[in-house]
Amino acid sequence: MRITGVVEGFYGAPWSHQQRLDWIDRLHRWGMTHYVWAAKEEPRHRDDWREPFTDAELDGFAELARHRTGVALAVGLTPGPEATADDVVAKLGPAVDAGAAVVVLSCDDLPALDAGGDHRDLAHALADRLGCTVWIVPTHYCGVDDSPYLRSLCNGLDPAIEVMWTGRHVVNARIHATEAARWAELTGRPPLVWDNAPVNDGLMREALHLGPLTGRDPALRDVCAGVLWNPMEFPLASVATMASAAAWVRGDDPVAAWADEVAARGWAQLAAATAFPDDAHWPGTAPDRAWWRAMHDGLPERAVDAGLDESVQPWIDAAREGAAIALAAIALADRIHERGADTGATLRQFGLTGRWRDWRRNPVLTFGAGPRVRPVLTQDHRGEFVGDPAAFVLDDPIVDDLVRRALPS
């Protein structure tokens, strides 16, 4: 693969300039090649796409571009439906002058399935008039079906222009090389994969993704132009999955690399507490008292002290409380088994239930709580989104069974 790195392409608070510099340092250490500036809530990326980049933004691009040799800067733009070639060239030209080696037409999530030919022409205008590398995120960007939009976009599209693809779905448990090969047939070039991992925006905001990269066919490395991973808005918490992705790029064991990373950072308990039953690091359905004690005692108290983003604190608080409730439920169930459901046990049952009820109302998900909703969507032969049952997971947290055992049957 020629292209690897991160695409800051999530919905949510964009990273700071310093955080972007720090990420370019990480990419350099891992041997990755690109950082992509394309956060959806950067105002001049999408909502105010016509407005020229500010002097501060251009200065920032210049510093990002020269920060580490070997890590190139790509700058994305989501143009409006009325955008002309002059518009996009005028907007992105200063970014190229500042040092951007790549410009990205980010046409994803637009109601523009009739604009394939227009998007092709805009891409050509950028390549011809700015003399830079051009990538495009098409409006039809996932699945394995052809569509009128894709045919219009790729009819005569310069082979040097990369066409990005998220996989069979928007968010994928697995991406297979055979699916990538199918996309290559449709577009006439190897796909540049926009892998939506470990991103947790939109429908996934209640989840924290601290697990390893799994389900990526090693053969993808032979059939793709590259892979760019879309992280969470939490730049520090995204490191664990990206260390795993870097190992996958090298051909090493991504789960082993992830385990080393979270162990070194002291995040293993939090990663397990925020896992889901379909994750490789899921702890199982019936952890014992020793596991819950190790979980509770091993969780950090403050995110910043654990080298995590301050915004991760709600998951830490929920995990600590969930583990405490599990331990209380185990102790109460043991007491009832030994003494019977006496008055003392009954009062404790009311206390436990109230605490459990409040915890279950927490806005963040821990210990496998649901309902969990994800954009497991594909695009059909018209380019329109189609749902999948895997988008909806209704599991209860593993704390629940312990509490129920401590209540009257």
Side-chain angles (χ1 to χ4, degrees), residues 1-5 7 9 33-34 36 38 74 76 102-124 126-127 133-197 213-230 245 248-249 251 375-388 390:
M1 298 186 297
R2 296 177 286 104
I3 301 163
T4 56
V7 51
T33 63
H34 287 79
V36 185
V102 181
V103 293
V104 185
L105 276 177
S106 301
C107 301
D108 49 316
D109 302 340
L110 293 177
L113 287 172
D114 59 348
D118 293 338
H119 293 165
R120 176 199 60 217
D121 294 344
L122 291 177
H124 283 165
L126 288 169
T133 298
V134 177
W135 304 341
I136 184 166
V137 188
T139 304
H140 181 172
Y141 60 81
C142 67
V144 292
D145 289 328
D146 202 356
S147 70
Y149 170 91
L150 275 182
R151 288 192 293 272
S152 296
L153 172 70
C154 296
N155 182 21
L157 183 67
D158 187 330
I161 295 173
E162 307 288 356
V163 178
M164 299 183 78
W165 174 69
T166 64
R168 178 176 286 274
H169 300 105
V170 178
V171 171
N172 300 273
R174 295 172 179 79
I175 304 178
H176 298 286
T178 53
E179 297 167 340
R182 171 60 179 160
W183 187 258
E185 291 177 9
L186 298 178
T187 61
R189 68 211 68 219
L192 175 54
V193 181
W194 172 314
D195 193 350
N196 276 314
L213 182 77
T214 59
R216 273 49 182 171
D217 188 344
L220 284 171
R221 295 190 292 261
D222 300 321
V223 298
C224 294
V227 183
L228 297 162
W229 284 272
N230 188 16
W248 179 86
V249 169
V376 184
L377 303 166
T378 192
Q379 286 173 281
D380 64 12
H381 63 279
R382 297 177 298 272
E384 295 176 355
F385 284 106
V386 179
D388 187 288

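All figures in this text were calculated on a predicted structure; none of them were measured in a lab.
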As a quick check of understanding, evaluate side-chain contact (heavy atoms from CB on, under 4.5 Å) for W248 and V227, giving each step before the final call.
CA-CA 11 Å; W248 179 86; V227 183; 4.1 Å; yes
Any chance you could lay out the side-chain contact (heavy atoms from CB on, under 4.5 Å) test for L157 and V163, step after step, and finish with the verdict?
CA-CA 10 Å; L157 183 67; V163 178; 3.7 Å; yes
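Between N230 and W194 the shortest side-chain heavy-atom distance falls below 4.5 Å. I136 places none of its side-chain heavy atoms less than 4.5 Å from the side chain of M164. Under the 4.5 Å side-chain criterion, counting only non-hydrogen atoms from C-beta, T166 is not in contact with W183.
For N172, there are no side chain to side chain donor-acceptor pair (under 3.5 Å) partners, not counting sequence neighbours. R182 pairs by the side chain to side chain donor-acceptor pair (under 3.5 Å) definition with E185, not counting sequence neighbours. Residues forming a side chain to side chain donor-acceptor pair (under 3.5 Å) with W229 (at least two apart in sequence, or on another chain): D195. In this view, D146 and R151 satisfy the side chain to side chain donor-acceptor pair (under 3.5 Å) rule, not counting sequence neighbours.
Residues A184 and P191 share a closest heavy-atom pair of CB-CD, 4.1 Å. Residue G387 comes nearest to L377 through the heavy atom pair CA-CD2, 3.6 Å, listed as atom of the first residue, atom of the second, then distance. The shortest non-hydrogen separation linking R221 to M1 is O-CG, 3.5 Å. C154 and T187 get closest at one heavy-atom pair: SG-CA, 3.7 Å. Between I3 and H34, the closest heavy-atom pair is CG2-ND1, 3.8 Å. Contact between L228 and T4 at its shortest, heavy atoms only, is CD2-C, 3.8 Å.
Here CG of L126 is found 11.5 Å from OG1 of T133. Values are rounded to the nearest 0.5 Å. Of the inter-residue distances, the one linking I175 atom CD1 with R216 atom CZ reads 4.0 Å to the nearest 0.5 angstrom. Taking CG of L192 as the reference point, atom CH2 of W135 lies at 5.5 Å (rounded to 0.5 Å). Distance CG/D222 to CG/L220: 9.0 Å, rounded to 0.5 Å. Note: L113 CG to Q379 CD = 7.0 Å, rounded to the nearest 0.5 Å.
No donor-acceptor pair closer than 3.5 Å links the side chain of N196 to the backbone N or O of V171. Checking side-chain atoms of R189 against main-chain N and O of I161 turns up a donor-acceptor pair under 3.5 Å. At distances below 3.5 Å, not a single donor-acceptor pair connects side-chain atoms of H169 with backbone N or O atoms of P375. No donor-acceptor distance shorter than 3.5 angstrom exists from the side chain of S106 to the backbone of G76, with no hydrogens or angles considered.
A salt bridge does not link E179 with R174: every distance from a Lys NZ or Arg NE/NH1/NH2 to an Asp or Glu carboxylate oxygen is 4.0 Å or more.
Listed by first then second residue, pairs satisfying side chain to side chain donor-acceptor pair (under 3.5 Å) with a partner in residues 113-122 read H119-Y149, not counting sequence neighbours.
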Show me the side-chain donor-acceptor pairs of residues 137-145 shorter than 3.5 Å, one per line, residues at least two apart or across chains.
residue	atom	partner	partner atom	Å
T139	OG1	C107	O	2.9
H140	ND1	S147	OG	2.8
H140	NE2	C142	O	3.1
Y141	OH	D109	OD1	2.9

